[in-house]
There are 2 protein chains.
Amino acid sequence: MSFKYVLQQYINNPKKFPDSVVLEEEDFLVIRDAYPKSVRHLLVIPRSSEITHIHPLDVFDKNQDLYNRVSQIIKKAENILVDELLDIGLLKFESDDAIARESFINTFVRAGIHSVPSLANLHIHVISKDFFSPRLKNKKHYNSFTTSFFVDFDELDPSKRSSASEKTQKNPIQIIKDSPLRCTYCGKSFENKFKHLKLHLEKEFINKFKPSASQIQSFKRLS
Amino acid sequence: MSFKYVLQQYINNPKKFPDSVVLEEEDFLVIRDAYPKSVRHLLVIPRSSEITHIHPLDVFDKNQDLYNRVSQIIKKAENILVDELLDIGLLKFESDDAIARESFINTFVRAGIHSVPSLANLHIHVISKDFFSPRLKNKKHYNSFTTSFFVDFDELDPSKRSSASEKTQKNPIQIIKDSPLRCTYCGKSFENKFKHLKLHLEKEFINKFKPSASQIQSFKRLS
DNA sequence: TATTCCGATAGTGAC
DNA sequence: GTCACTATCGGAATGAG
Ligand SMILES: Nc1ncnc2c1ncn2[C@@H]1O[C@H](COP(=O)(O)O)[C@@H](O)[C@H]1O
Ligand SMILES: Nc1ncnc2c1ncn2[C@@H]1O[C@H](COP(=O)(O)O)[C@@H](O)[C@H]1O
Ligand SMILES: [Zn+2]
Ligand SMILES: [Zn+2]
């Protein structure tokens, strides 16, 4: 089996990956991205073989029920993500502070899909927007989450969607190459200077979360 | 003073560079290129401050006397180059064999200029066409001697030159980038695969000159 | 189309 | 998608009181 179907193994046998699977329901999985591009990076995976090979830009067309159900799972994933950031001490509000929680999710967590996925099994990214991770190694990684190559889950809602708008976009791969590297915190452009962006993202991350030195080092190590 | 004028030091004080200056005359110098792109690579440098900053494509316009004088110096440089190849045993004919000498010069020594020089002081390259040198490190180096970026000295003769033809050429920089790497011995194209070309040029060099193993190693070392 | 350093870009084969 | 490897391509500095 080729690399395109690596996510199938989680669907087939989630019990085999207890450290990766953070939520298992009858029809969905939420797993940790094996190559996280941020401190926290999860994938929502529908288990149904009926839809797993449908393109994420098409799968919600005329399927409001599916969209609504995925939306529920994404909310759970977002809250798992926040719980973990609370657990490791990066976030410091009370766990039951619903307003702080929602505010953080709205401003610093992104859910959506890549307009040209590489892995064939349908998956939705749920990722914190720090992009502070040793797995973030090049422009393609970064711009796949910070340009229109990334499509927010909200935009896939079939009830709100102008179906014509979806294909009017330019070549998504070209968008990744042509877009400058732009800091998600402050909007500053680094053109194509990836190393500079990485240094800047580390500063922004430290400034926002005030992690301890040992925390910083742990986030820089591969997990 | 910037790098553009590094050749000025030879003009100012040739006695300071006895290992580099292979011929010193009242009006001209012949020096070893400090980053030789072949086993032998010389530069002919007019000493006159009147002309040293004129572009090589312009300097011989309406100046047949200068052209003729440079032509004389180039012939001397070519013969110095051959003498050295005889001395180190790469060439094996007798030193007074005028026919063998002229044949080698005609087929394996090139004299001319870069259509966009980087160094400001007027200079004419006299180079053996082996291109077997550790200083030959990239496509720009190679194609600057093997494409129309390089203009043979013969073509600069004001009595033979159609002055219109000189500027009809495309952007010389683009020529270097767009032209494939083509073996000067056999014409084989290596597209942009510079390392492959280097290996092939070594084979061609060995096949043509039959150097000893220790000679080969010495040509690969920086001098 | 000076050199050198450093880094961005690109293709490969394997998983 | 990942990784590791190789190689090509690309900008910036180059000095000196
Ligand atoms: N074996 C794997 N297990 C879990 N996640 C993976 C695996 N291989 C790749 N990924 C992630 O899956 C995502 C696929 O991205 P994409 O197909 O572009 O939406 C990337 O974020 C990868 O880091
Ligand atoms: N300091 C130097 N002394 C002697 N030759 C040099 C020096 N610096 C560069 N060169 C050579 O000068 C030539 C200039 O090339 P161009 O200006 O393109 O005709 C190249 O072949 C360089 O290798
Ligand atoms: Zn910023
Ligand atoms: Zn050849």
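Chain A is the first sequence line, chain B the second, and so forth, proteins listed ahead of strands; every chain is numbered from 1.
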Glu84(B)/Arg32(B) salt bridge by N-O under 4.0 Å criterion: yes
How are the rings of Phe108(B) and Phe209(B) set to each other: parallel, tilted or perpendicular (split at 30° and 60°)? perpendicular
Between C1' on dC15(C) and CD on Gln9(A), what's the gap in Å once rounded to a whole number? 11 Å
Gln174(B) CD - dC9(D) P separation (whole Å): 12 Å
What is the distance from OH of Tyr5(A) to P of dT2(D), rounded to the nearest Å? 18 Å
Let me know the distance between OH of Tyr35(A) and C1' of dG1(D), rounded to the nearest Å. 8 Å
From CZ of Arg32(A) over to C1' of dT2(D), roughly how many Å is that when rounded to an integer? 19 Å
Between Tyr67(A) and Phe153(A), how do the two ring planes meet: parallel, tilted or perpendicular, split at 30° and 60°? parallel
Students often get this wrong, so: under 4.0 angstrom with heavy atoms, is Lys198(A) touching a base, only sugar-phosphate, or nothing? nothing
Using a heavy-atom cut-off of under 4.0 Å over every strand shown, decide if His141(A) touches base, sugar-phosphate, or nothing. sugar-phosphate
Which listed nucleotide (dT8(D), dT9(C), dT4(C)) is nearest to the side chain of Phe194(B)? dT8(D)
Does Lys188(A) count as lying over the ring of Phe190(A), i.e. NZ or CZ under 6.0 Å from the six-ring centre, within 45 degrees of the axis? yes
Could you give the NZ-to-P distance, from Lys4(B) to dG15(D), as a whole number of Å? 16 Å
OP1, OP2 of dT3(C) versus side-chain N and O of Lys37(B): anything below 4.0 Å? yes
Could you say whether Leu119(A) or Asn192(B) is positioned toward the 5' end of DNA chain D, judged by the nucleotide with the nearest heavy atom to each? Leu119(A)
Should Lys137(A) be listed as having a side-chain N or O under 4.0 Å from OP1 or OP2 of dC3(D)? yes
Mind calculating the distance between NZ (Lys140(A)) and C1' (dG7(C)) to the nearest angstrom? 20 Å
Look at the aromatic rings of His125(A) and His123(A) and report parallel, tilted or perpendicular, splitting at 30° and 60°. perpendicular
Let's see if you can work this out: which of dT8(D), dT4(C), dT9(C) has an atom nearest to the side-chain heavy atoms of Arg135(B)? dT4(C)
With stacking defined as ring centroids separated by under 5.5 Å and planes differing by under 30°, is Phe3(A) stacked against dG1(D)? yes
Taking atom P in both dT4(C) and dG15(D), what distance in whole Å separates the two? 13 Å
If I take atom CG in residue Leu181(A) and atom C1' in nucleotide dG11(D), what distance separates them, rounded to the nearest angstrom? 15 Å
Where the side chain of Lys195(B) is defined as all heavy atoms beyond and including C-beta, which of dT9(C), dA7(D), dA8(C) is the nearest nucleotide? dA7(D)
